[in-house]
There are 2 protein chains.
Amino acid sequence: MTQTAHASNSQGKQMLSEQVYAHLRDAIMRGDYAPGDALKPQDLAKEHGVSLAVVREALVRLVGEGLADRLPNRGFAVPAFSDRRWQEIAEARRTIEPVVLRMSIERGDVDWEARVRAAHHRLARTPAYVPEEGEHYSSAWSEAHRVFHRTLLEGCGNPVLLETFDRMWTASELARRWAAQRTPDRDALGEHRRLEEAALARDADTAAEVLAQHLTLTAAALTGCPHQAKEA
Amino acid sequence: MTQTAHASNSQGKQMLSEQVYAHLRDAIMRGDYAPGDALKPQDLAKEHGVSLAVVREALVRLVGEGLADRLPNRGFAVPAFSDRRWQEIAEARRTIEPVVLRMSIERGDVDWEARVRAAHHRLARTPAYVPEEGEHYSSAWSEAHRVFHRTLLEGCGNPVLLETFDRMWTASELARRWAAQRTPDRDALGEHRRLEEAALARDADTAAEVLAQHLTLTAAALTGCPHQAKEA
DNA sequence: ATAACACGGATAATCGATTATTTGTCGAAT
DNA sequence: ATTCGACAAATAATCGATTATCCGTGTTAT
């Protein structure tokens, strides 16, 4: 390729470590591994057909995002969340997200309004999680759910705050994966609808209140249940 | 070495990548490099007397923490902060920290009180930054400052929220490094004292208010000034 | 019988070298 | 004179192999 390469290869050539990283991240978030499972560089390198170096880089990045644990000289593993940790994550979200939502509602422009509407519409149309034997969850719904919550906050216009949301959401989902293993999702449709309405009505007080309650209820629904089997 | 090595080497044997990571992180935070400077694996490997792999791992970790930029196929570099970015970081802190401070004040126990007192005492005793030619800042004061602010929040008892603080503080300091290059630190002693007093008096309203103002003033002092000289 | 130690297999950490990509330069064609 | 394209140097990404560490197993001395 000697051409000036203004070619629009949107994602044609990626670093190997990037691909492996993405695959591994999705696998972990999807729940393909059990918490505590060892992530052996050699095995992963063979599976992906790459060298140890690229797997290693992917794992190091994962550790940085809390999606893998590292035990020096003992390898990498899928993180196992204690009940305590899960509660801490949920509390952090309850603490921060309502505040950011207020800011978002005060600042969001018309474009933001449109995106909120679209995100809510998409979420409402996506079939919710139905727990089935062996199956973990609906990733389509999970993604729509994430986008809805994130879009609500995006009106704040502050990338740093949104990065904070992203990190907490990731941790929250990872922890939820196992807590919700056997827990049918309660119907949060009503809450999401009220959230959208309050946001579009620029009613920050109500929106913040509904969001805090939404997060509290979700956490409560998952905290008490018999999750994280001690064995395996 | 066949001995069981139960030796109490508190930190005697670390992974090389860990050491290089720490060195590099300190160097960047200390301002040894200029924003935009290339971080060349080969050079760094020679300087530290290690192979490319360990430098690479350190750099990848740094990128994950926002302490280095990565341009695919173009290497790593010291991050350069725009004025906009700096303001976003400052705003994020103003948004989140007062809320966490409230929680901390409501929950902190006597041990926390003692640590707040100690941290403030240490900060008050540490000579503040005095800008001199060629010299960047007093790392002793900077560290005492960080510990004071973090300790104030530690009463919240939530590691996730404290991790959030850590990330924002790191970003804030990195951005401030260059904004403050020529800016004498305004005297924040009084604000810190009032912060300590309000916290220990369990006056959450006042403390949150003082903190918000403290962060606003600090940001204002650094935002308007002629920082980030366009040339070298 | 038990506990400390030594051996050996498995795997993590590191290294040195190879391959691929980018960037700058120089020359040819318009 | 300017632009496009081929070459070359620099350096990023990747690989295959080496070295170091951990952990389980078996042995021996008390």
Side-chain angles (χ1 to χ4, degrees), chain A residues 1-25 28 33-34 36-64 67-79, chain B residues 1-25 28 33-34 36-64 67-79:
Chain A
M1 276 224 280
T2 49
Q3 40 203 341
T4 6
H6 59 292
S8 61
N9 53 353
S10 45
Q11 44 89 15
K13 204 58 141 309
Q14 240 173 157
M15 286 192 302
L16 288 182
S17 64
E18 182 67 26
Q19 301 175 228
V20 174
Y21 162 78
H23 268 269
L24 221 34
R25 178 165 67 83
I28 293 172
Y33 302 100
D37 272 7
L39 294 168
K40 304 187 184 183
Q42 280 193 347
D43 299 350
L44 296 171
K46 266 194 186 138
E47 292 172 26
H48 291 264
V50 297
S51 76
L52 293 192
V54 324
V55 172
R56 195 150 247 280
E57 172 170 335
L59 288 171
V60 168
R61 287 179 58 184
L62 256 1
V63 170
L67 285 169
D69 283 344
R70 182 175 197 174
L71 310 95
N73 286 321
R74 309 252 257 82
F76 302 84
V78 176
Chain B
M1 278 224 284
T2 49
Q3 37 201 346
T4 7
H6 59 291
S8 62
N9 50 354
S10 45
Q11 46 87 14
K13 206 56 143 312
Q14 237 171 1
M15 285 192 305
L16 288 182
S17 65
E18 182 67 25
Q19 302 174 228
V20 173
Y21 162 78
H23 267 269
L24 222 33
R25 179 165 65 84
I28 293 172
Y33 303 100
D37 273 6
L39 294 168
K40 305 188 182 182
Q42 280 192 346
D43 299 350
L44 296 170
K46 266 196 186 135
E47 290 172 25
H48 291 265
V50 297
S51 76
L52 294 191
V54 325
V55 172
R56 198 149 245 280
E57 172 171 334
L59 288 171
V60 168
R61 288 179 59 186
L62 256 1
V63 169
L67 286 169
D69 284 345
R70 183 175 197 173
L71 309 95
N73 286 320
R74 311 248 262 85
F76 303 85
V78 177

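All values reported here derive from a predicted model rather than from experimental measurement. Chain naming here is simple, since letters A, B, ... match the order of the sequence lines and numbering starts at 1 in each.
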message: Nearest whole Å is fine: how far is D/dA12 P from B/F76 CZ?
response: 8 Å

query: Are OP1 or OP2 of D/dA12 and a side-chain N or O of B/R74 less than 4.0 angstrom apart?
result: no

statement: Nearest-nucleotide check on DNA chain D, A/L52 vs B/N73; residue mapping nearer the 5' end is B/N73

task: Let me know the distance between NE2 of A/H48 and C1' of D/dC15, rounded to the nearest Å.
output: 17 Å

- prompt: Of the non-hydrogen atoms in A/G36 and A/A77, which two are nearest, and what is the gap between them?
  reply: O-CB, 4.0 Å

message: How long is the straight-line distance from OH of B/Y33 back to CG of B/L24, given to the nearest 0.5 Å?
response: 5.5 Å

task: Would you mind telling me which of D/dC15, D/dT14, C/dC15 lies closest to the side-chain atoms of B/A53?
output: C/dC15

- prompt: Once you round it to whole Å, what is the distance between P of D/dA13 and CD of A/E18?
  reply: 11 Å

- prompt: Within this structure, what is the CG-to-C1' distance between A/D69 and C/dA12, rounded to whole angstrom?
  reply: 16 Å

- prompt: Does a nitrogen or oxygen in the side chain of B/S51 sit under 4.0 Å from OP1 or OP2 of C/dT14?
  reply: no

query: Quick one: A/Q42 CD to D/dG16 P, roughly how many Å, whole number?
result: 13 Å

query: Taking for each residue the nucleotide of DNA chain C with the nearest heavy atom, is it A/K40 or B/V54 whose nucleotide lies nearer the 5' end?
result: A/K40

- prompt: Of all heavy-atom pairs between A/A58 and A/S17, which one has the smallest distance, and what is that distance?
  reply: CB-O, 4.1 Å

- prompt: Under 4.5 Å between any side-chain heavy atoms of B/R61 and B/E18, yes or no?
  reply: yes

- prompt: How long is the line joining CG of B/L16 and C1' of D/dT19, in whole Å?
  reply: 12 Å

- prompt: Which whole-number value in Å describes the distance from B/Q14 CD to C/dT14 P?
  reply: 10 Å

- request: Specify the separation, in whole Å, of atom CG of B/L59 and atom C1' of D/dT11.
  value: 13 Å

